[in-house]
Number of protein chains: 2
Amino acid sequence: MTRLASHSIFARFAKMKSYAFSALGRRTVLPPISWLMQTALTRPKLISLAAGFTDNATLPVGFSRKLLNEILSSPKTGQPALQYGITAGEMNLRSLTARHLQKLDGAPSRTHPPERLMITGGSQQLLYMTLEALCDEGDIVLVEDPTYFVFLSILQSQGIRARGVRLERDGLDLAHLEKVLERLKKSGELHRVKAIYLVTYFQNPTGVTTSFIKKAGALEILKKFERAAGHPIYLIEDAAYRELRFAGDDTSSALMARGATERIIYTGTYSKPFATGARVGFGILPKPVFTIVNRIKGNHDFGTANLLQQLLARALETGLYDKHVAKIEMRYRLKARVMKEAMAKHFPSSVEIWESGGGLYFWARLPKGVSTGMKSKLFQAALKNDVLYVPGALCYADDPSRRKPDNEMRISFGSASESNIREGIKRLGNVLRKFV
Amino acid sequence: MTRLASHSIFARFAKMKSYAFSALGRRTVLPPISWLMQTALTRPKLISLAAGFTDNATLPVGFSRKLLNEILSSPKTGQPALQYGITAGEMNLRSLTARHLQKLDGAPSRTHPPERLMITGGSQQLLYMTLEALCDEGDIVLVEDPTYFVFLSILQSQGIRARGVRLERDGLDLAHLEKVLERLKKSGELHRVKAIYLVTYFQNPTGVTTSFIKKAGALEILKKFERAAGHPIYLIEDAAYRELRFAGDDTSSALMARGATERIIYTGTYSKPFATGARVGFGILPKPVFTIVNRIKGNHDFGTANLLQQLLARALETGLYDKHVAKIEMRYRLKARVMKEAMAKHFPSSVEIWESGGGLYFWARLPKGVSTGMKSKLFQAALKNDVLYVPGALCYADDPSRRKPDNEMRISFGSASESNIREGIKRLGNVLRKFV
């Protein structure tokens, strides 16, 4: 899909007058997901089970009002919130965030040092800058098959090659990871491998949570190949959905693994659990990576808006953040159950559903041969019946060593209301019955 | 300076284990200004006339509280503010901003279409993305001599070469611009020239405002060279300080020049006139550039935090923004006058002062041969006397075709109190007397 889109963009530019764009500019395509979003916005009757938006009703409107009121009630606290801060983020929020992560991980503090913690404009910005810091055009980043599609967009834009590693129900297929690295070693490309990217909690799009053993195992495997690579291979752990958990226990982050200090780039966010409109992300990085990424951030924006940082700091300090997370936990548990029950009722039994204990998504796998792609009859029929999902193929990297599966779909219960979830799944079920 | 810093970084990395950083990562150096900022923070007795911070006392604490209270007073307005928006920014803020610029320019609306207007994380982010969209490593961007040093940091980081064009008291030296372009044409490098970058209002660091005639003239000259270049050469107008005006009339933006629609990239910001801690920037871009930069923003962060956008939208709608701008106008007029009077009293008469009708800076030129650089005796003496300025050389691009002047300094009245301005200038004057 990305390849197709990219191709057509090039063709269009060739026809246009040359516009003097950079290679990056020309490679940066409109992600297909944008089309899905646009479609959802322009067709009011459509029920979108595609968007990764969070639930509007759970947004902390009252909390935020109270906290901002407090912050802005005096010049003493109000002025610093409305003034520039430092590039890496406000020390108070960095400390609070480190402590918060430490608590989640049940960890000693030295594994979560605020000095290596950076505040960013969502974790998305941190992912972008990390790739800028590590990768040149033609370098390779390993990703899960499937993975977060906006991450694939960044790779495409920066000219970085992606190689897919199979995903199992408890995370990465470690044997396959080893095989992929062996293959790259044989082809003389191992020195181009800079990192592996894992969405470890309630993964977007599959809902899979990676076990701690697999994270630690992946890190061990990467280390084995470092000598041949000639440099560190980092493990980027994207924990964006970690706090959208509504069943089961939390899993320790990769920061708790042996050797994490030097190799784990952990990214997290307050956007999803708190408010996507007050976007504050963060990450803990190995020292040399922190140094470079922090300088890059100096060029991007020299620091995330202080007002948002102060809002989050106060939410953490007062305990309102934890209260809010407990509230949305109940809400998403309910919505996931509503969707699950609707799927049980309306979906053909040959559709395999991957259920999750958190996040915003179900992953559905149709029998082989049934395409869910944007040009498929199934997708068109769904659209005609006013229901939208994310075709699974959009979540697979362009990896020439395997074909992209195209019989899967991501179905989100994040933003739709309960009644829209029921109605949307009913519509989708009707369509599926015709094709499966 | 930048070159030196960059060199020492490379040396350090060579000594370290190879860290697998990208070319961009290795090129991205800590800007010397960071050291100045750090120094200011760690020495409480020091009076910093170096920082480009705005005046704390003028920050709109009360306004912001009122507006955020209104926004968050009901789920109807509060929820959208705390939810994701679209990548290019909220349509309401885009329209209001377009109308605002149109009013400033006394323009017909078609020159300021909201469809080509984008909201960004400060105008800094827009500058970064614009360079990403236009320039490959080795490309050339023309800049004013001197210019905004963080822009030079971005160029250095992205591997873009800068060529300086002389600055006069009313803006760019157009004859010199033509000469520089001729020289690049002769050396066969014209096809690498992608843009010229001008800080057109109360320039950082000199305070110079570029006349409309010079903007239009520069655009004409660029057009003349486009055929030989083989592609458009864009004029990036950075209007960050436009609304920090306290004397004289506003100047029309380059958007009003003939052919602007296709060639002017106008960047502005609400950070400086409203609140640097609620950072919202914006820009109007030619359509093809808008398309690419908007996609790049999709990868950076898929949209600036909605809460900040709604805050600014409401400030504009209610007229509180205009009220605030009128308020800070008086404040900076006063602070500039205090600084001017102190300089008249304490500075040797051989120091040439460039006065400005807005912005945050005075520019001082010392007699030739007197170095102001970070390693100079003068800078060290100033530091010893607890006063800090920005050495002028930091604001000059690495351009092998000329030596960097190093007998200048940027002196800011932005963040210091009136008494600190008086005392700081007195201290600086005492130091200058010893060296001039």
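To find a chain, count down the sequence lines: A is the first, B the second, and so on, and within it residues start at 1.
The CG atom of Leu67(A) sits 11.5 Å away from the CG atom of Leu68(B) when rounded to the nearest 0.5 Å. Between atom CZ of residue Arg26(A) and atom CD1 of residue Ile292(B) there is a gap of 9.5 Å, rounded to the nearest 0.5 Å. Rounding to the nearest 0.5 angstrom, the gap separating the CD atom in Gln156(B) from the CZ atom in Arg295(A) is 10.5 Å. Put simply, OH on Tyr84(A) and NZ on Lys272(B) are 3.5 Å apart, with the number rounded to the nearest 0.5 Å.
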Dump the intermediate steps for side-chain contact (heavy atoms from CB on, under 4.5 Å) on Leu307(A) and Leu307(B), then the final yes or no. CA-CA 10 Å; Leu307(A) 183 62; Leu307(B) 183 62; 5.9 Å; no
Full working for side-chain contact (heavy atoms from CB on, under 4.5 Å) between Asp139(B) and Ser22(A): CA-CA 9 Å; Asp139(B) 279 351; Ser22(A) 66; 5.7 Å; no
side-chain contact (heavy atoms from CB on, under 4.5 Å) between Glu132(B) and Glu132(A): does it pass, once the steps are laid out? CA-CA 11 Å; Glu132(B) 279 188 295; Glu132(A) 280 188 295; 3.8 Å; yes
Please assess Leu24(A) against Ile296(B) for the test side-chain contact (heavy atoms from CB on, under 4.5 Å), listing each intermediate value before the final yes or no. CA-CA 9 Å; Leu24(A) 182 145; Ile296(B) 291 175; 3.6 Å; yes
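Of the atoms belonging to Pro286(B), not a single heavy atom falls under 4.5 Å from chain A. There is no contact between Thr120(B) and chain A, counting heavy-atom distances below 4.5 Å. For a residue to count as touching a neighbouring chain, one of its non-hydrogen atoms must lie under 4.5 Å from one of that chain's; by this rule Leu126(B) does not touch chain A. For Ser74(A), the part lying under 4.5 angstrom from a heavy atom of chain B is the backbone only. Only the side chain of Ile86(A) comes within less than 4.5 Å of a heavy atom in chain B; its backbone stays farther off. Neither the backbone nor the side chain of Lys76(A) comes within contact range of chain B, judged by heavy atoms closer than 4.5 Å. At a 4.5 Å heavy-atom cutoff, Leu127(A) makes no contact with chain B through either its backbone or its side chain.
The choice from Leu308(A), Thr77(A), Thr291(A), Leu311(A) that makes the most heavy-atom pairs within less than 4.5 Å of chain B is Leu308(A). Among Asn56(A), Val150(A), Thr87(A), the residue with the largest count of heavy-atom pairs under 4.5 Å with chain B is Asn56(A). Per-residue counts of heavy-atom pairs under 4.5 Å with chain B were compared for Arg279(A), Gln83(A), Gln125(A); the largest is that of Gln83(A). Taking chain A as the reference chain and counting heavy-atom pairs below 4.5 Å, the highest number among Gln158(B), His191(B), Arg65(B) is found for Arg65(B).
Gln124(B) places a side-chain N or O within donor-acceptor distance of the main-chain N or O of Asn299(A), the cut-off being under 3.5 Å.
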